[in-house]
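Written below as structure tokens is the structure these notes are about.
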Amino acid sequence: MKATAQISNLKDHVGKEVTLAGWVYKNRPSGKLVFLVVRDGTGLCQCVIEKGEDSEGFFQDAKHLSQEASLFVRGIVNADERSVGGHELRVTGMEIVHASTDYPITPKQHGVDFLFAKRHLWFRSRRQYLILRLRHTLVDAIRSYFNTNGFTCIDTPIFAPSAGEGAQTLFEVDYFGDPVYLAQTGQLYVESACMAHGKVYCFGPTFRAEKSKTRRHLTEFWMVEPEIAFASLSDVVDVAEDFVCNIVSRMLNDHRADLEELGRDIAELEKIQKPFYRIRYADVADLLRGPKAKQLLEDDLTQKAARIGELEKTLVELEQQSANAKKQWQKDKAAQDTVKAREEISELQEQIKNIPHHMELAANFKMGSDLGGSDETIISRLHDRPVFITHYPAKVKAFYMRQDRENPEYVENFDMLATEGFGEVIGGSAREEDYDRLLARLTEEKLPQEDYEWYLDLRRYGSVPHGGFGLGLERTLSWICGLRHIRETIPYPRMMGTMYP
Ligand code: 4AD
Ligand code: MG
């Protein structure tokens, strides 16, 4: 057999006979019928096999097909709204390609560690499938935005001779006997390119030796970095705002149903409209120490405790349901829901444990220090649209950021915090274009001048005000999909302690 249609375009074949090539997602035999849900990489389709003369050759085989068996299945396409994907196949023939047995990822609830160890198979599960499809579109949306707005894509190297961001997060590689580093950013290189092309961007993998296992950090992640010549801080912020609105709206447009299936609150994404908030670092301190932040966390404590109470009741009900269940699938369902409720309870308990600490950090926030993850979460949750925080203290930021001429202790930079507590997804700045000031910053940061001679050249020959930003692909995807943890947004996540497969 040979495939003649894909599940995603069955609507063009209603009433006709087609052959699909795919894998068994679920199999539910029921007396004289077998209901096979098949997936083919474009969607899911229920295939119905009726016992009778026509199916004599394959009815028994179909009945015993297990999850992930690969097959060709031929049948007549029926439009059926109640069916997954909106169509159903009345099967007329079938050819098994490979009968899979004991597929390790079953419909029962598995732990996260187990699923990541089976990442190469987990891709096939519906939720993972959707997330990576959304990633694919997001990458396209990002490239399209810059390509249609006059930016030239300039690829930057992955082997780098020196630090681009903080020296603490460098991965060292042996390069024919000399130490070099995996790129933390392509920024310094796109800065050179914008002096040739005006508006440029790079988009590729970047590496940070982050020694913490947080829900926001990967050691290998993708970043898009536009860089613009003759641009001020506010010009760059305007581009970031327009860009974020554009990609969010593209995702809503192309993937509304998928986002709903992932449980994303669409209304929250629809709020991502101009203008975003623009506040200065100095005002953030007041916000963090103020009554609104305190109230937010106190309400959190009450709400989370109440939710735990609800879930505990649910657990008792589920126990009864399981005891009274007549069918195996009812027992399985109750078991699945029990695992889910228990996981949510332990997550809530963990969060409750951290709240007093977060309250203390916010209340005692000191001017001059960097914002921590929990501070960002608070600021982000106090706003219904993204927030640009500008003008951080120079001391906590990278050497290349432009000194604020009016307040020399501060720099012309910005972080963009996404909504709903997702925190920073963009970091950017105007770059120091003045040779002497840049050199002074390099010296202050104890960075060897000889490593940056090429970069200083950009300030020797026709230097202009310029700036840009970096948007993390995975953090942005977590935000758009509403995933608490970043690890599901990349095919093979790399974090401290995670390298297989
Ligand atoms: O704020 P960062 O470190 O800025 C830069 O690298 C600049 N050179 C960008 C520029 O101006 N061209 O990183 C930018 C973004 C962050 O806002 C975040 O979205 C993402 O990159 N990011 C990470 N994502 C996942 N895991 C990590 N460890 C990340 N570190 C940064
Ligand atoms: Mg940053």
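Ligands are counted one by one from 1 in listed order, and the atoms in each one are counted from 1 as well. When a residue number appears, it is its place in the shown sequence, counting from 1. Quantities reported herein were computed from a predicted structural model and do not represent experimental measurements.
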Open item on the list: For the backbone of K271 and the side chain of R385, can you confirm whether one donor and one acceptor N or O come within less than 3.5 Å of each other?
Closed with: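 No; judged by distance alone, with no hydrogens or angles, the pair does not exist.
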
Open item on the list: I'd like to know if the side chain of D235 reaches the main chain of S232, judged simply by a donor and an acceptor atom lying under 3.5 Å from each other, with no hydrogens or angles considered.
Closed with: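 Looks like yes, one N/O pair under 3.5 Å.
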
Task: Side-chain H-bond candidate by donor/acceptor type, D384 with Y277, under 3.5 Å - done: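 The criterion, which ignores hydrogens and geometry beyond distance, is satisfied for Y277 and D384.
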
- [ ] Go through the side-chain N and O atoms of N413 and Y281 and say whether any donor and acceptor fall under 3.5 Å apart.
- [x]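 Side-chain D/A pair, N413 to Y281: absent.
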
What protein heavy atom is closest to [atom], reported as residue, atom name and distance in Å?
atom: atom 18 (C) of ligand 1; result: R475 NH1, 3.6 Å
atom: atom 15 (C) of ligand 1; result: G470 O, 3.6 Å
atom: atom 22 (N) of ligand 1; result: F221 CE1, 3.4 Å
atom: atom 19 (O) of ligand 1; result: V425 O, 2.8 Å
atom: atom 12 (N) of ligand 1; result: E225 OE2, 2.7 Å
atom: atom 17 (O) of ligand 1; result: E424 OE2, 2.6 Å
atom: atom 6 (O) of ligand 1; result: R208 NH2, 2.8 Å
atom: atom 21 (O) of ligand 1; result: M223 SD, 3.4 Å

Would you say [X] touches ligand 1, if touching means a heavy atom closer than 4.0 Å?
X: R431; value: yes
X: R216; value: yes
X: H217; value: yes
X: S429; value: no

Close-contact set for ligand 1 against [X] heavy atoms, below 4.0 Å:
X: E210; result: 28 (N)
X: Y400; result: 7 (C), 8 (N)
X: T185; result: 6 (O), 8 (N)
X: G428; result: 11 (O)

Task: F146 ring center within less than 6.0 Å of Y201 ring center - done: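 Under 6.0 Å, so yes.
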
Answer yes when [X] and [Y] have at least one side-chain N-carboxylate O distance shorter than 4.0 Å, and no when they do not.
X: R280; Y: E412; value: no
X: E433; Y: R405; value: yes
X: R264; Y: E420; value: yes

Task: Among the N, O or S atoms of E424, the one nearest the Mg ion (ligand 2) - done: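 Of all N, O or S atoms belonging to E424, OE2 is the one nearest the Mg ion (ligand 2).
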
Open item on the list: Could you check whether any side-chain heavy atom of R215 comes within less than 4.5 Å of a side-chain heavy atom of L483, counting everything from C-beta outward?
Closed with: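 No; the side chains remain at least 4.5 Å from each other.
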
Using distance alone, decide if ligand 1 has a nitrogen or oxygen within less than 3.5 Å of any nitrogen or oxygen in [X].
X: E227; value: no
X: E165; value: yes
X: Q187; value: yes
X: D415; value: no
X: L218; value: yes

- [ ] Give the contacting part of I426 toward ligand 1: side chain, backbone, both or neither, where contact means a heavy-atom distance below 4.0 Å.
- [x]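 I426 to ligand 1: backbone contact only, side chain stays beyond 4.0 Å.
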
[atom1]/[X] to [atom2]/[Y] distance, rounded to the nearest 0.5 angstrom?
X: S234; Y: R278; atom1: OG; atom2: CZ; answer: 7.0 Å
X: F123; Y: I105; atom1: CZ; atom2: CD1; answer: 10.5 Å
X: E225; Y: T185; atom1: CD; atom2: OG1; answer: 3.5 Å

Open item on the list: Checking side chain to side chain contact (heavy atoms under 4.5 Å, CB included) between R342 and each of I345, V339, T338, which is the one that passes?
Closed with: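 Single pass found, and it is T338.
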
TODO: Before giving the answer on side-chain hydrogen bond (donor to acceptor under 3.5 Å, both in side chains), spell out for S144 and N147 the whole-Å C-alpha distance, their side-chain angles and the decisive distance to 0.1 Å.
DONE: CA-CA 5 Å; S144 300; N147 292 344; 5.8 Å; no

